[in-house]
Amino acid sequence: MIYSSVNHSLQRGRRTLLAMAATALVGIGFGGSAVAAEPIKIGLVTALSGQSALAGEAISRGMQVAIDEINAAGGVLGGRKFELVRRDDEANPAKGVVAARELIFREKVAVIFGGLDTPVSMAIVPLINQEKMPFVGPWAAGTAITKNGANPNFAFRVSAVDEIVDIGMLNYAQKNFKTAKPGLMLINNPWGQSNEKGLTAAMQAKNVTPAGIEKFEANDLDMVPQLTRLKAAGADTIFLVGNVGPSAQVVKSLDRMGWKVPIVSHWGPAGGRFTELAGPSGKEVHFVQTYSFFGKQGPVGEKVIKAMMAKYPNVKGPADITPAVGVANAYDAMHLTALAIQAAGSTDGDAIRQGFYKVDTFEGLIKTYKKPFTPAVHDAVTADDYVWAQFIDNRIVPVGVSAN
């Protein structure tokens, strides 16, 4: 009886050891590793509170829907799944840098997505280049985010680019409003500076002289003095660059003046509660977008709409996927990032950077990408990829195609 009991115990022990060995062999066999089950963390630094929280949430949702698709298909690098780790920068550059450092050094993310604000992204870029941390921008459009002078450069973007948008703004205004003497209303920060440079270059290329260039602060409530100067100088169109709050105040200031003038804007108004803040005249603003879920959708658009409706109870249809650019840019950017990691064969930062250059073709929401990144070009969205929109019944609806 004792022998039998010991014998059974030995047999159980041998079976346990064999099972452990088999598990270990599976873990290290055929290109896998013992860490195959460990998730690959992707960081997101964006505004998740304040006036632009809606846009930050749109970026989050676009990334998460893409991550769900990739994970359901088996992940990357032999079965590793992605995990999204978010941090709120409160639209504050200093807080954005603190959040990025936490993601890099504590969370050990493989890639950081930078969210809404050009000043925040510009503050983070030196850090990511120093730490060799791939950075992907799904919103902020400042030209210098990707054209930052670093070699090697770890900043990539699937979003609008100021210098391209600025050409589009002038072309659209001339085509639709016969603009000859635009007045510029620009936020007084690095994003405004980026667009001042881009708009000035675009106007010089077409021999257009602006009526004037006016600046405003993010918390300004009265823009009448600046607008009065532009009106007196003969401005026939307003070129507007600002996020939700100040852009709404520009519209309300025009209402107080009783000045009906066309407004052609960067996409700042799309980032939050613009129509609520701007009032009825908010619908008169024409602004740039990269994507819309309204109208006939391709297979990818239909798939994403269904996924959004299934995952988020407040999404009943395209009108609830807003701002669309946040979802679309982030969705495409996350898929392209996964392809870069797969091409890299690892989660090493410099390998991923080079992996972006190896991405060949991907059928996304905005377009079918073909070699979207090269060592010289880190922006995947080109001049042909923009649409123009207005708020109609509080919905962002395309009204025209960029005249580029």
Side-chain angles (χ1 to χ4, degrees), residues 39-46 48 55-77 79-87 100 103 107 109-116 121 124 128 133-140 145-146 154-160 290-291 293 298-301 303-308 310-312 315 321 323-344 346-347 349 351-353 355-369 372-373 378-381 385:
I40 299 172
K41 292 183 178 180
I42 304 294
L44 171 61
V45 179
T46 191
L48 296 171
E57 185 60 29
I59 293 170
S60 302
R61 290 182 172 191
M63 291 181 69
Q64 191 60 59
V65 166
I67 285 171
D68 290 348
E69 288 182 5
I70 297 162
N71 288 349
V76 296
L77 304 183
R80 295 183 67 181
K81 306 296 178 69
F82 287 108
E83 176 185 325
L84 179 60
V85 183
R86 307 191 307 169
R87 292 292 183 272
L103 290 171
E107 296 292 343
V109 299
V111 177
I112 290 180
F113 275 55
L116 291 167
S121 292
I124 292 174
I128 60 98
M133 168 60 61
F135 177 91
V136 180
W139 189 288
I145 293 170
T146 48
F154 284 79
F156 297 83
R157 176 164 44 196
V158 182
S159 183
T290 53
Y291 192 76
F293 287 99
V300 180
K303 177 178 66 175
V304 172
I305 291 172
K306 289 179 181 177
M308 291 285 290
K311 188 172 186 66
Y312 302 105
V315 177
I321 306 176
V325 295
V327 173
N329 295 354
Y331 174 89
D332 284 2
M334 185 62 227
H335 272 288
L336 291 170
T337 298
L339 291 171
I341 291 172
Q342 185 65 33
S346 80
T347 57
I352 295 172
R353 177 185 66 83
F356 276 108
Y357 307 142
K358 298 174 185 176
V359 175
D360 189 8
T361 302
F362 170 66
E363 185 181 353
L365 274 169
I366 297 171
K367 64 177 179 178
T368 296
Y369 299 84
F373 302 109
H378 281 210
D379 284 291
V381 175
D385 302 324

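By convention here, the first residue in the shown sequence is residue 1. Model, not experiment: these values are computed from the prediction.
- Of all heavy-atom pairs between Ala343 and Gly355, the closest is CB-O, 4.0 Å.
- Contact between Ala140 and Arg157 at its shortest, heavy atoms only, is O-NH1, 3.1 Å.
- Smallest separation of non-hydrogen atoms from Ala340 and Val359: N-CG2, 3.8 Å.
- The two residues Ala110 and Pro134 have their closest heavy-atom pair at O-CD, 3.6 Å.
- Between atom OH of residue Tyr331 and atom CG of residue Leu365 there is a gap of 6.0 Å, rounded to the nearest 0.5 Å.
- Note: Ile366 CD1 to Asp385 CG = 7.0 Å, rounded to the nearest 0.5 Å.
- The two atoms that bring Leu77 and Ile341 nearest to each other are CD2-O, 3.6 Å, heavy atoms only.
- Scanning for side chain to side chain contact (heavy atoms under 4.5 Å, CB included) contacts around Ala324 gives Phe293, with sequence neighbours left out.
- For the atom pair CZ of Arg61 and OH of Tyr312, the computed distance is 6.0 Å after rounding to the nearest 0.5 Å.
- Between Phe113 and Trp139 there is no side-chain heavy-atom pair separated by less than 4.5 Å.
- Interatomic distance, Phe356 CZ to Leu339 CG, rounded to the nearest 0.5 Å: 9.5 Å.
- One distance of note links OG of Ser121 with CZ of Phe135; it measures 4.0 Å at 0.5 Å rounding.
- Taking OG1 of Thr337 as the start and CZ of Phe82 as the end, the distance is 8.0 Å to the nearest 0.5 Å.
- You'll find the side chain of Met334 stays beyond 4.5 Å of the side chain of Glu69, heavy atoms only.
- Annotation: side-chain hydrogen bond (donor to acceptor under 3.5 Å, both in side chains) contacts of Glu83 (sequence neighbours excluded): none.
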Full working for side chain to side chain contact (heavy atoms under 4.5 Å, CB included) between Val136 and Ile42: CA-CA 10 Å; Val136 180; Ile42 304 294; over 6 Å; no

field: Worked check of side chain to side chain contact (heavy atoms under 4.5 Å, CB included) between Met133 and Val109
entry: CA-CA 9 Å; Met133 168 60 61; Val109 299; 4.1 Å; yes

task: List the steps, then state whether side chain to side chain contact (heavy atoms under 4.5 Å, CB included) holds for Val158 with Phe373.
output: CA-CA 10 Å; Val158 182; Phe373 302 109; 4.1 Å; yes

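- When the side-chain hydrogen bond (donor to acceptor under 3.5 Å, both in side chains) test is applied to Lys358, no partner is found at least two apart in sequence or on another chain.
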- prompt: When you look at Arg80 and Thr347, which way does the side chain to side chain contact (heavy atoms under 4.5 Å, CB included) test go after all the steps?
  reply: CA-CA 11 Å; Arg80 295 183 67 181; Thr347 57; 4.0 Å; yes

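- Arg86 meets the salt bridge (Lys or Arg N to Asp or Glu O under 4.0 Å) test with Glu57; sequence neighbours excluded.
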field: Check against ring-ring contact (aromatic ring centres under 6.0 Å, His included), His378 and Phe154
entry: CA-CA 9 Å; His378 281 210; Phe154 284 79; 9.0 Å; no

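- In this structure, Lys303 places its NZ atom where more than 12 heavy-atom neighbours from other residues, nucleotides or ligands lie under 6.0 Å away.
- Under the side chain to side chain contact (heavy atoms under 4.5 Å, CB included) criterion, Thr46 pairs with Leu44, Leu48, Ile59, Leu116, sequence neighbours left out.
- Taking all atoms of both residues into account, the shortest heavy-atom contact from Ile70 to Ala338 is CD1-CB, 3.6 Å.
- When each of Ile112, Val45, Leu103 is tested with Val85 by the rule side-chain contact (heavy atoms from CB on, under 4.5 Å), just one qualifies, namely Leu103.
- Qualifying side-chain hydrogen bond (donor to acceptor under 3.5 Å, both in side chains) partners for Gln64, counting only residues two or more places apart in sequence or in other chains: Asp68.
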